[in-house]
Amino acid sequence: MFRELDRYKPDIDKTIAMMGKTYEDALSHRGGNVTIRALPKCDVEHYSRLDLTRYNYRNDIDLYARDLCGLMSESFEKRRAVDDNMIPSVSPVLGIGDYSAFVYGNIEFQKDTSWSKPVLGEIRDFRSLPEIGTSFWYGNFLNICEEILKLSSGAGIPFMKGFFSPLDLAAALRGEAIYTDFYEAPEELHELLDYCADATIKFAEDVYALARRYLGGSKYGMWLIDKCIYMSEDIACMISPRLYRKFCAPHTQRVIDHFGTGHMHCHSRALYLVKEICSLEKVASLWIATDPNQPRPIENIGRLVEDSRGVCLAIDCDSFDEIVANMEAMRRGNVSICLPVEGVDEAVRVTEEFKTL
């Protein structure tokens with residue numbers, strides 16, 4: 001199904017070295033690295049082509065894994081001529097329900113995403129949840145990962161899995177009531193966030209251990225998860241910097257410290273949060289998703305570079321002209337700039353033009 005990694009990325013050694021240097025400089029608060037990610041439609045079409053409602057996730061996870069890996073290998077093959085910073089990787093695609101259901105609860109699948117419902121009617125109810133590691137979706141997610149690794153590990157393709165931050169996980173378990181918990185139950189909220197940090201660490205360790213069984217002897221198979229963790233800070237975009245520093249930062253920092261390096265994610269709805277996340281220790285990158293009708297990161301790149309303290313900012317833009325116009329500002333920090341394009345031919349063209357800047 002999969003071919004060797006260097007088939008899909010003939011310059012994989014160069015790409016790994018380039019991104020490795022970028023993250024090393026980011027951790028040392030040194031700028032000067034600007035790389036490009038071209039985004040042809042074939043990079044994302046597997047999200048719409050994979051119908052998540054087709055599977056029962058009990059008896060046919062092997063079918064799910066084959067379908068997913070087939071779509072991913074097809075995508076990698078189509079874009080192999082693109083010389084950008086993209087590192088091919090495999091990861092379960094299940095929507096967002098699995099990001100919290102590993103603790104407790106069920107997943108409701110739609111065609112191209114999933115959800116899980118809050119399970120904590122009262123904030124203190126987390127103390128009565130089953131022991132972490134005993135829920136159906138904890139074990140089933142590991143089984144799904146293993147089926148994917150059986151199909152992909154022979155090719156040495158890096159494995160990837162992201163996680164909710166402690167606050168994101170707490171919000172998924174608690175629901176919208178968490179916004180009043182900041183004021184009405186602050187001590188119990190800290191306890192819940194501490195519980196979520198512990199749960200994330202255990203879950204990630206088990207996922208990583210499984211991946212290491214299959215990829216430990218490969219050259220780059222563990223590159224995206226070894227001594228690091230990828231986490232979202234979506235819910236933090238709805239609170240103030242003061243609340244983030246008081247409630248969220250300590251627990252997110254504890255997870256980062258456990259693994260070594262953090263790769264984070266937030267939204268442009270709260271660009272003020274960039275400074276807070278990048279003030280955490282050992283954060284190497286921050287992907288800022290552009291929200292509709294909200295400030296665009298590329299249009300605020302000067303301030304964001306200053307706020308980032310060298311953390312590599314992964315942002316998008318609408319045109320190559322925007323890259324050219326903002327290159328000087330981006331070079332003062334570290335930036336991975338993503339440019340959506342129509343097809344692979346355009347992706348090849350813009351990445352070659354990028355090399356001349």
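Bear in mind that the values here come from a model prediction, so they are computed numbers and not experimental data.
- Between E45 and K41 there is no salt bridge, since no side-chain N of the basic residue sits under 4.0 Å from a carboxylate O of the acidic one.
- Shown are R127, R174, R124; of these, the salt bridge (Lys or Arg N to Asp or Glu O under 4.0 Å) with E188 is made only by R127.
- Between E205 and R212 no salt bridge is recorded (no basic side-chain N to carboxylate O distance below 4.0 Å).
- By the side chain to side chain contact (heavy atoms under 4.5 Å, CB included) test, S268 pairs with L271, I288, T290, D291, Q294, P297, sequence neighbours left out.
- Taking the ring centroids of F141 and F203, they lie under the 6.0 Å cut-off.
- A salt bridge is defined here as a Lys NZ or Arg NE, NH1 or NH2 lying under 4.0 Å from an Asp or Glu carboxylate O, and R213 with E146 meets this definition.
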For this session: Starting from the C-alpha separation in whole Å, work towards a yes-or-no answer on ring pair (Phe, Tyr, Trp, His ring centres under 6.0 Å) for H267 and H265.
Result: CA-CA 7 Å; H267 285 256; H265 159 69; 4.8 Å; yes
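- Note that CG of L193 is 6.0 Å distant from SG of C248, once rounded to the nearest 0.5 Å.
- A tilted orientation is assigned to the rings of F126 and Y195, their planes being inclined by 30° to 60°.
- Here the straight-line distance linking atom CE of M327 with atom CD1 of I301 works out to 11.0 Å at 0.5 Å rounding.
- Here F159 and Y208 keep their ring centres 6.0 angstrom or further from each other.
- Taking the charged nitrogens against the carboxylate oxygens, D198 and K202 have no contact shorter than 4.0 Å, which rules out a salt bridge.
- For H258, the ring pair (Phe, Tyr, Trp, His ring centres under 6.0 Å) criterion is met by no residue, not counting sequence neighbours.
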For this session: Test side chain to side chain donor-acceptor pair (under 3.5 Å) on D84 and T351 and set out the steps.
Result: CA-CA 6 Å; D84 61 357; T351 52; over 6 Å; no
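- Close placement of the H190 and F247 rings is indicated, their centers lying within 6.0 Å of each other.
- A salt bridge links D43 with R37: the distance from a Lys NZ or Arg NE/NH1/NH2 to an Asp or Glu carboxylate oxygen falls below 4.0 Å.
- Using the six-membered ring where Trp is involved, W137 and F109 have ring planes that are tilted, between 30° and 60° apart.
- Considering OG1 of T200 and CG of L169, their distance stands at 5.0 Å, rounded to 0.5 Å.
- A salt bridge is absent between D51 and R54; no separation between the charged side-chain nitrogens and carboxylate oxygens falls under 4.0 Å.
- The distance between the ring centers of Y57 and Y64 falls below 6.0 angstrom.
- A salt bridge links E147 with K150; the closest basic N to acidic carboxylate O contact falls under 4.0 Å.
- Here the straight-line distance linking atom SG of C196 with atom CG of L173 works out to 5.5 Å at 0.5 Å rounding.
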For this session: Kindly determine whether H46 and S75 satisfy side chain to side chain donor-acceptor pair (under 3.5 Å), including the steps that lead there.
Result: CA-CA 8 Å; H46 62 277; S75 172; 4.8 Å; no
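- Applying the 4.5 Å side-chain rule to ILVMFWY residues, one finds V82, V348 in the same cluster as V344.
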